[in-house]
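Data first, discussion second: the structure below is written as structure tokens.
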Amino acid sequence: MPSPPPLSKHETTNQNEPNLTEFIAELSLDPEREPIASELGVLQSIYGDESIKLWSSNGSPESTPNGSSTNNGDAGTIRYEVTLSLPAPFDDTTFIVLVSLPLSYPASSPPQLQLLSRYIGPFGVDPALFGAILRTFISSEGVEWTPDSVCVFDGLEWVRERCAEWFEHQKNEKAVGELLREDERGVSSAQVDAEEGKGKQVAELVHEAPDDSRSSVVSMPEGIEIIEAEPITDRKSSFVGRACRITHPSQVPLVLAHLMSDRRIARAAHPVINAWRCQVGNVLHQDNDDDGETAAGGRLAHLLQILDVNNVLVVVTRYWGGIRLGPDRFKHINQSARNALDLGGFLDAPDSQVSGKRQGRGKKR
């Protein structure tokens, strides 16, 4: 796999940088390239004037509207670079994509996208990501291209989603590595024993229960009522949010075990993505679990924090539909959780007055 080319224009100052608006105007005079001119104008309005620049490797315009190419010998190829930002919450991180339009685009050839940035945030771009972006319009997992249809915007948005998934994966790997290094530096034996005991308790109650034990429902701690919101469905995946009031951290594994004893929940791809906060005396206890959906538990914990909700456990079950949702899955997870919190009345009153009673559509367990 080839390495990404250097960022020439962004490392040096080019005083003779071609004017994109003038280039679009000249390009629109050619009837065969007018669709490209219109597409460039739309991209300019979407991403901003400063985000799109005609690309050159030596400080001179890469292409001219009359079909000549001044650099790489590809007659008629138009090249420009687009600066994109990752979707929220990483929208302060930017990267650059090179767009190459052959002379036969859009009539009979797709465009090609190439990642120019060597780094996205603090992470070096790897060959897998670089290659995936190169194959945007020729891979079955990429963007479908139809002759005579402009498609650069669809490709750029697919690249944004792909880079966001990659970036989040890198961040999670880094966080795991830091935690492991912390452990190696020496956590006290008492802390280790406590964590192992807690992990064993949850594992025995939730994940390691034999299949036949799930046929009988594990009893719910006394006084706890689970509020279940209406499912959110997107591209055959479903997300179900549940919430309940808790008075002590020890109730959490019991509630999760109760949910996992329900076969409909246990068979989900991610049955008990959860986060909880519980005030005991002057101490606020809190924790979360991704349940295999990377970073999902942390997002739920952040939701509880910004909503300032205490003494509550929120659980989201995701049923996989066979189609990757990208960052949209986190939007649905958070919304499912918020719906359950709203339905249970957790957002309407101080913690001491929260009753967990339904408000609107949904059901109790």
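Below, all heavy atoms of this structure are taken into account, side chains as well, without hydrogens, waters or symmetry copies. Everything numeric here is computed off the predicted structure, so don't read it as measured data.
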- Message: Donor-acceptor pair, distance only, cut-off 3.5 Å: does the side chain of S51 make one with the backbone of V82?
- Response: no
- Query: Are V312 and L284 grouped together when hydrophobic residues (ILVMFWY) are joined by side-chain heavy atoms under 4.5 angstrom apart?
  - Reply: no
- Identify the heavy atoms of P271 and V315 that sit nearest to each other, and give their distance. O-CG1, 4.2 Å
- Message: Looking at D290 and A295, would you say the former's side chain and the latter's main chain have a donor-acceptor pair under 3.5 Å?
- Response: yes
- Message: Using a 3.5 Å distance criterion without hydrogens, assess whether the side chain of N311 forms a donor-acceptor pair with backbone atoms of R245.
- Response: no
- How long is the gap from CG on N288 to CG on L303, to the nearest 0.5 Å? 12.0 Å
- Query: Distance-only, no hydrogens or angles: does the R318 side chain make a donor-acceptor pair with backbone N or O of A268 under 3.5 Å?
  - Reply: no
- Minimum heavy-atom distance A229-V240, with the two atoms named: O-CG1, 4.0 Å
- Donor-acceptor pair, Q279 side chain versus G281 backbone, under 3.5 Å? yes
- Message: Minimum heavy-atom separation for T136 and G155, please, with both atom names.
- Response: CG2-CA, 4.1 Å
- Task: Would you confirm whether S117, through its side chain, and I96, through its main-chain N or O, come within 3.5 Å as a donor-acceptor pair?
- Result: yes
- I24 versus Q44: any side-chain heavy-atom pair under 4.5 Å? yes
- Query: Under 3.5 Å, side chain of D291 to main-chain N/O of V272, donor-acceptor pair present?
  - Reply: yes
- Note on the structure: Between R242 and E228 the two heavy atoms that sit nearest each other are NE-OE1, 3.0 Å
- Item | Shared hydrophobic cluster for Y47 and V159 (ILVMFWY, side-chain gaps under 4.5 Å) | yes
- Interatomic distance, E293 atom CD to R299 atom CZ [nearest 0.5 angstrom]: 9.5 Å
- Note on the structure: Value for OH (Y80) from CG (L101), rounded to nearest 0.5 Å, stands at 5.0 Å
- Message: Is a donor from one side chain sitting under 3.5 angstrom from an acceptor on the other, for T94 and S85?
- Response: no
- Message: Could you tell me if the side chain of E39 sits less than 4.5 Å from the side chain of L43, heavy atoms only?
- Response: yes
- Nearest-0.5 Å distance that lies between atom CZ in F23 and atom CD1 in I78: 4.0 Å
- Query: Which of parallel (below 30°), tilted (30 to 60°) and perpendicular (above 60°) describes F123 and F167?
  - Reply: perpendicular
- Donor-acceptor pair, side chain of R235 and main chain of G321, under 3.5 angstrom: no
- Is a side-chain N or O of H285 found less than 3.5 angstrom from the main chain of C278, in a donor-acceptor match? no
- Task: Mind checking side chain to side chain contact (heavy atoms under 4.5 Å, CB included) for K236 and listing every partner two or more places apart, or none if nothing turns up?
- Result: none
- Verify whether one side chain among E168 and N172 offers a donor that lies under 3.5 Å from an acceptor in the other. no
- Query: Which pairs, with at least one residue in residues 141-161 and sequence neighbours excluded, count as a ring-ring contact (aromatic ring centres under 6.0 Å, His included)?
  - Reply: none
- Item | From C163 atom SG to L86 atom CG, the distance as rounded to the nearest 0.5 Å | 6.5 Å
- Message: If you compare all heavy atoms of V125 against all heavy atoms of Y119, which two are closest, and at what distance to 0.1 Å?
- Response: CG2-N, 4.1 Å
- Short side-chain to backbone donor-acceptor contact, Y319 and R264, under 3.5 Å: yes
- Query: Distance from I133 atom CD1 to L98 atom CG, nearest 0.5 Å?
  - Reply: 11.5 Å
- Can you name the closest pair of heavy atoms from L313 and V255 and give their distance? CD2-CG1, 3.6 Å
